[in-house]
Amino acid sequence: AQSVTQLGSHVSVSEGALVLLRCNYSSSVPPYLFWYVQYPNQGLQLLLKYTSAATLVKGINGFEAEFKKSETSFHLTKPSAHMSDAAEYFCAVSEGQGGKLIFGQGTELSVKP
Amino acid sequence: EPEVTQTPSHQVTQMGQEVILRCVPISNHLYFYWYRQILGQKVEFLVSFYNNEISEKSEIFDDQFSVERPDGSNFTLKIRSTKLEDSAMYFCASSVGTSGGVKTQYFGPGTRLLVL
């Protein structure tokens, strides 16, 4: 079975600083990987996805993620944090023909002024 | 932009009661899913549904749970006899998907279920 590990349940950065949220996966086959964001009291919004095309994937709101097979990682970055980026971020891997998502435990991002 | 909708947004029920959570997936999507998120925990897969039948279900999805697509638009999750531990946020998701290909899932805003 596939799994996802997100290092750090809580990350705090200053406004304007680099955001780095870590995600490692385990998969026996080339994975489909996703990052979702959950703002307070809202549902999950797709940020970006990796589907075995380009290893550097650009998403919405200035976020991007790089797939590194050798490190089994799919870390999420943003060059300059904004206050509105404060949310919970989930990394997920798709498994099986039906495409069910296996989620990591989530990382809560705080942005300090 | 099309989106997944869910009703109600909040539901409070007594233990042992039946609840039905409703979802309207994006109209041209073929795959439908339910997930739940217990407060403070990760999002967990419950069930996937394709071509009018369950394609996969998790260990959580026991005989107390059922899903149905009663018409061309709604997708429902029924919990027959709720337990305290069913209290969670329930998310519906849908995907246009193709067999064997990536199935990018779009999520609804969730229904927060509280069982007393």
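So that the names make sense, note that chain A is the first sequence line, chain B the second, and so on, each numbered from 1.
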| request: Please test S110(A) against H10(A) for side chain to side chain donor-acceptor pair (under 3.5 Å), starting from the C-alpha separation and ending with a verdict. | output: CA-CA 8 Å; S110(A) 301; H10(A) 188 263; 2.7 Å; yes

| Quick one: salt bridge (charged side-chain N to carboxylate O under 4.0 Å, His left out) partners of E64(A), sequence neighbours excluded? | K58(A)

| request: Pick whichever of G106(A), S94(A), G104(A) has the most heavy-atom pairs under 4.5 Å with chain B. | output: G104(A)

| said: Is Q105(B) close to chain A through its backbone or its side chain, or both, or neither, when contacts mean heavy atoms under 4.5 Å? | reply: both

| remark: Residues passing the ring-ring contact (aromatic ring centres under 6.0 Å, His included) test with F45(B), sequence neighbours excluded, are Y35(B)

| At a heavy-atom separation under 4.5 Å, does E44(B) approach chain A through its side chain, its backbone, both, or neither? | neither

| query | So which of G43(A), S9(A), A92(A) has the biggest tally of heavy-atom pairs under 4.5 Å with chain B? | reply | G43(A)

| said: Is Q38(A) in contact with chain B via its backbone, its side chain, both, or neither, using a 4.5 Å heavy-atom distance? | reply: side chain

| query | For S55(B) and S48(B), does a side-chain donor sit closer than 3.5 Å to a side-chain acceptor? | reply | yes

| query | For L44(A), is it the side chain, the backbone, both, or neither that has a heavy atom closer than 4.5 Å to a heavy atom of chain B? | reply | both

| query | Do the side chains of T7(B) and T5(B) get nearer than 4.5 Å, heavy atoms only? | reply | no

| field | Side-chain donor/acceptor of H82(A) to backbone N/O of S84(A), under 3.5 Å | value | yes

| Toward chain B, the part of K49(A) with a non-hydrogen atom under 4.5 Å | side chain

